[in-house]
Amino acid sequence: MLLFKGTKFVILPNRNASSLKFLAELLVKEGGMLVNEEKEIDCDTIVLINDSFITNTNTIMKNELFFKEFDLDPSTVWNNVNTYKLKCVRATCISEWLRKSSFQINPELVLSVEDNLEDNSEDHSGVKFVTHSATPLYNYDLITAKLLKNSEKAARQIPEVYSSSQNKSENSELAGKSMETEVSNKMGEEVKRTVDISQTTSVPKGNEKLIQALGRLAKRYEMKGDQFRARGYKLARIGIEQYPFKIESGAQAQEEISNVGASIAKKIQTLLDNGSLPGLQELFESEKRVDYFTRCHDIGIYTAKKWEIMGLKSFSEACTIFPEDFTRDWPILFGWSYYEDWLKPIRRDECEKLASVVQQELHLIDPQMKVEILGSYHRGAEKCGDIDLFFYKAGCDDISEIGRIMEDLSISLYRKGYVQCFLQLTRKIYKAFNKIIINRLEKCHLKTTPTLQYTARDDNPRKFMLGVKLPDKEKRQFESITFVDNYKLKPEDMFMSLNSDRSPCRRMDFFCCKYSELGAARLQWIGPKEFNRWIRLKAMHNGLKLTQHGLYDNHNVLLESFDEQRIFQLLNEDYISPSERNHVVKKRRKV
DNA sequence: AGGCTGTACTG
DNA sequence: CAGTAC
DNA sequence: GCCT
DNA sequence: AGATG
DNA sequence: CATCT
């Protein structure tokens with residue numbers, strides 16, 4: 001009962017877009033054939049168009065990009081499409097057909113191939129494609145376009161100067177010494193630290209809309225698999241978030257804010273003029289569905305999109321269509337079960353309490369071991385997304401010894417009821433924890449064969465990812481937190497929930513390093529991500545390489561790994577204290 | 001044009 | 001190797 | 001997407 | 001940034 | 001020095 005047996009398909013513009021890869025697999029699994037060469041196309045071939053090239057009026061965006069992305073020769077292929085009058089449908093029709101188990105091309109699915117006059121593609125002016133001419137495919141007048149952009153570049157001057165990180169060296173001494181003593185000194189009570197006020201950057205009214213729009217565009221390109229374009233939008237958004245003035249024009253934004261270029265400036269202008277950007281509202285529903293999935297641990301953009309394309313809206317639906325996804329990548333079950341808890345922010349005092357529990361237990365196992373809270377906590381955040389615990393032992397460069405200690409530690413914390421779940425397995429962890437996995441599988445009615453066995457590593461991981469919570473008697477003081485962002489499971493997914501408002505489960509990570517790599521490792525795990533990227537880029541531009549293991553020269557010779565300050569020095573940077581690392585800072589261009 | 005952090009873990 | 005995560 |  | 005005009 | 005890649 002192969003649905004597509006004997007049918008030929010061609011995917012345009014190509015089949016490599018991440019979402020289409022799995023559709024192509026499904027197609028072949030159901031007996032369909034994919035065209036690999038121009039000449040294989042015949043009059044019965046079905047043309048599948050990547051949905052991102054289909055406008056909301058069900059026509060194909062025949063713009064420059066569309067043809068440039070072709071795997072095969074665009075002109076040959078497109079001429080075939082026209083001469084044979086091949087049927088063109090959205091690529092996602094495949095999922096529709098599979099779900100209904102019926103392969104029928106209803107007339108309303110067929111996309112119009114005719115050149116239409118209006119071109120509402122938001123990013124490129126149209127390409128006129130002449131079907132019977134074999135010659136130039138793109139007569140897009142780049143020169144005209146460029147000239148236009150330059151002429152509209154009216155110079156605008158903004159008198160005030162804002163500085164994104166002015167106050168260096170102000171409390172760097174605090175940060176320096178806080179390292180050693182962060183956890184070691186009776187964490188329960190005081191651990192007062194000056195929290196960086198400038199972190200509370202209030203965004204000027206009016207910029208919110210721009211920020212939201214850029215975020216949405218970023219997500220869209222992320223979903224399309226274009227990580228770098230997505231990053232372009234993300235960086236521009238960060239720039240606007242930190243920009244203290246109201247944005248009045250696209251040109252102003254481009255001049256004042258780094259990572260805002262011509263294209264984003266234009267979109268900003270449109271947004272300011274019209275209050276909206278064409279094509280931004282339409283995809284919103286599917287974006288929200290993808291978003292729902294990706295907030296779950298171990299569901300990334302790939303799986304989320306796969307599910308979304310198949311029309312799935314909930315984990316329980318996904319569970320019936322793609323049971324292997326859950327049985328194979330079992331941590332998803334815990335991401336699902338603790339979906340809401342793991343999206344709740346954690347107050348600093350709870351971080352400290354949990355860390356002190358860990359520290360006490362650690363002391364029983366090996367009194368020489370040290371533990372520090374790094375991550376957003378160390379950067380002074382009032383609310384943390386997770387708790388990053390960092391282990392090391394003075395003089396000890398044996399990572400597998402520390403790994404074993406972390407393993408034992410996590411297991412005893414599991415036995416004592418603090419650890420709720422593990423998100424990866426070792427042999428020992430498997431023995432202790434296997435039954436809970438089975439329990440979760442059964443809860444969502446996935447078959448658990450008696451032979452079901454997960455592979456556990458033989459060596460010791462340097463990294464543990466856990467779900468932890470405080471026992472009921474200790475949690476009281478942390479209750480009344482008001483959550484601004486409260487992400488909810490959909491009702492049909494609630495039956496798996498292990499969430500608890502009174503005593504939420506928390507994400508906790510264990511990391512470790514060789515003692516000789518203390519500085520580089522701290523640098524990494526203090527973060528944040530944007531700071532790490534920035535400083536590593538800086539290292540790279542100096543011909544060096546920075547990792548959690550150290551700073552290396554171009555011959556991979558270690559320059560420094562123990563002394564954090566020295567790493568800054570070697571990179572020609574003043575020391576930046578942890579809380580200052582929150583405002584990562586691409587220099588504003590021009591001064 | 002060509003780069004966009006660098007690594008660990010899993011299947 | 002790709003997908004996910006830090 | 002933006003930057004060099 | 002490097003190449004090119 | 002501007003523009004292209």
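Below, chains carry the letters A, B, ... as their sequence lines are ordered, and counting in each starts from 1.
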Spacing of A:Glu222 atom CD relative to C:dG3 atom P, expressed in whole Å: 14 Å
Mind checking A:Gln524 for me? I need base, sugar-phosphate or nothing, with any heavy atom below 4.0 Å counting as a touch. base
Phosphate OP1/OP2 of D:dG1: any A:Lys267 side-chain N/O under 4.0 Å: yes
Between atom CD1 in A:Ile526 and atom C1' in B:dT5, what is the gap in whole Å? 17 Å
Ring of A:Trp525 versus six-membered ring of C:dC6: centres under 5.5 Å and planes under 30°? no
Do A:Tyr221 and A:Phe228 make a side-chain contact, defined as non-hydrogen atoms from C-beta onward lying under 4.5 Å apart? no
With sugar-phosphate meaning primed atoms plus P, OP1 and OP2, does A:Cys296 contact a base, only sugar-phosphate, or nothing at under 4.0 Å between heavy atoms? sugar-phosphate
To the nearest angstrom, the CG-P distance between A:Asp298 and B:dA8 comes to 19 Å
Verify, without hydrogens or angle tests, whether A:Asn554 (side chain) and A:Gly543 (backbone) share a donor-acceptor contact under 3.5 angstrom. no
Could you please name the option among D:dC3, B:dC4, B:dA8 that lies closest to any side-chain atom of A:Asn259? D:dC3
Under 3.5 Å, is there a donor-acceptor pair linking the side chains of A:Trp342 and A:Asn499? no
A:His549 vs B:dT5: side-chain N/O to OP1/OP2 distance below 4.0 Å: no
Using the P atoms only, state how far B:dG3 lies from F:dT3, rounded to an integer number of Å. 25 Å
Should A:Arg507 and A:Leu423 count as side-chain neighbours, where that means a heavy-atom distance under 4.5 Å? yes
What is the distance, to the nearest angstrom, from the CG atom on A:Leu523 to the C1' atom on B:dT5? 12 Å
Which part of the nucleic acid, if any, lies within contact of A:Arg507, taking any heavy atom under 4.0 Å across all strands shown: a base, the sugar-phosphate backbone alone, or nothing? sugar-phosphate
Does a side-chain heavy-atom distance below 4.5 Å link A:Glu407 with A:Phe464? yes
Suppose you measure atom P in D:dT4 against the same atom in B:dT5; what distance do you get, rounded to whole Å? 14 Å
I need the full list of salt bridge (Lys or Arg N to Asp or Glu O under 4.0 Å) pairs touching residues 540-561 of chain A, with sequence neighbours left out, sorted by first then second residue. none
Base, sugar-phosphate, or nothing: which does A:Tyr233 touch, judged by heavy atoms less than 4.0 Å apart? sugar-phosphate
Figure out the CE/C1' separation between A:Met465 and C:dG3, and round it to whole Å. 13 Å
Does A:Arg533 contact B:dT5 through a side-chain donor or acceptor facing the base, at a distance under 3.5 Å? no
Just checking A:Ile535: base, sugar-phosphate only, or nothing, at a heavy-atom cut-off of under 4.0 Å? nothing
N/O contacts under 3.5 Å, protein versus nucleotides 9-11 of chain B?
residue : atom : partner  : partner atom : Å
B:dC9   : OP1  : A:Arg462 : N            : 2.6
B:dC9   : O5'  : A:Arg457 : NH1          : 3.3
B:dT10  : OP2  : A:Arg457 : NH1          : 3.1
B:dG11  : OP2  : A:Thr455 : OG1          : 2.7

Can a side-chain donor-acceptor contact be found between A:Gln252 and A:Tyr243 if the only test is distance below 3.5 angstrom? yes
Taken to the nearest whole Å, CZ/A:Phe334 to C1'/C:dT4 is 17 Å
Nearest to the side chain of A:Met540 - B:dC4, C:dG3, D:dC2? B:dC4
Rounded distance in Å - NE2 (A:His541) to C1' (B:dC4): 9 Å
To the nearest Å, give me how far apart CD (A:Gln548) and P (B:dT7) are. 7 Å
Closest to the side chain of A:Ile264, out of B:dA8, C:dC6, D:dG1, is D:dG1
For A:Arg328, look at atom CZ and say whether over 12 heavy atoms of other residues, nucleotides or ligands are found less than 6.0 Å away. yes
Report which part of the nucleic acid A:Lys545 touches: base, sugar-phosphate, or nothing (heavy-atom distance under 4.0 Å, all strands). sugar-phosphate
Please tell me which of the listed nucleotides, C:dA5, B:dA8, B:dT5, lies nearest to the side chain of A:Arg536? B:dT5
Can you check whether A:Asp459 reaches A:Ser400 side chain to side chain, under 4.5 Å on heavy atoms? no
Short side-chain N/O contact from A:Thr547 to OP1 or OP2 of B:dT5, under 4.0 Å: no
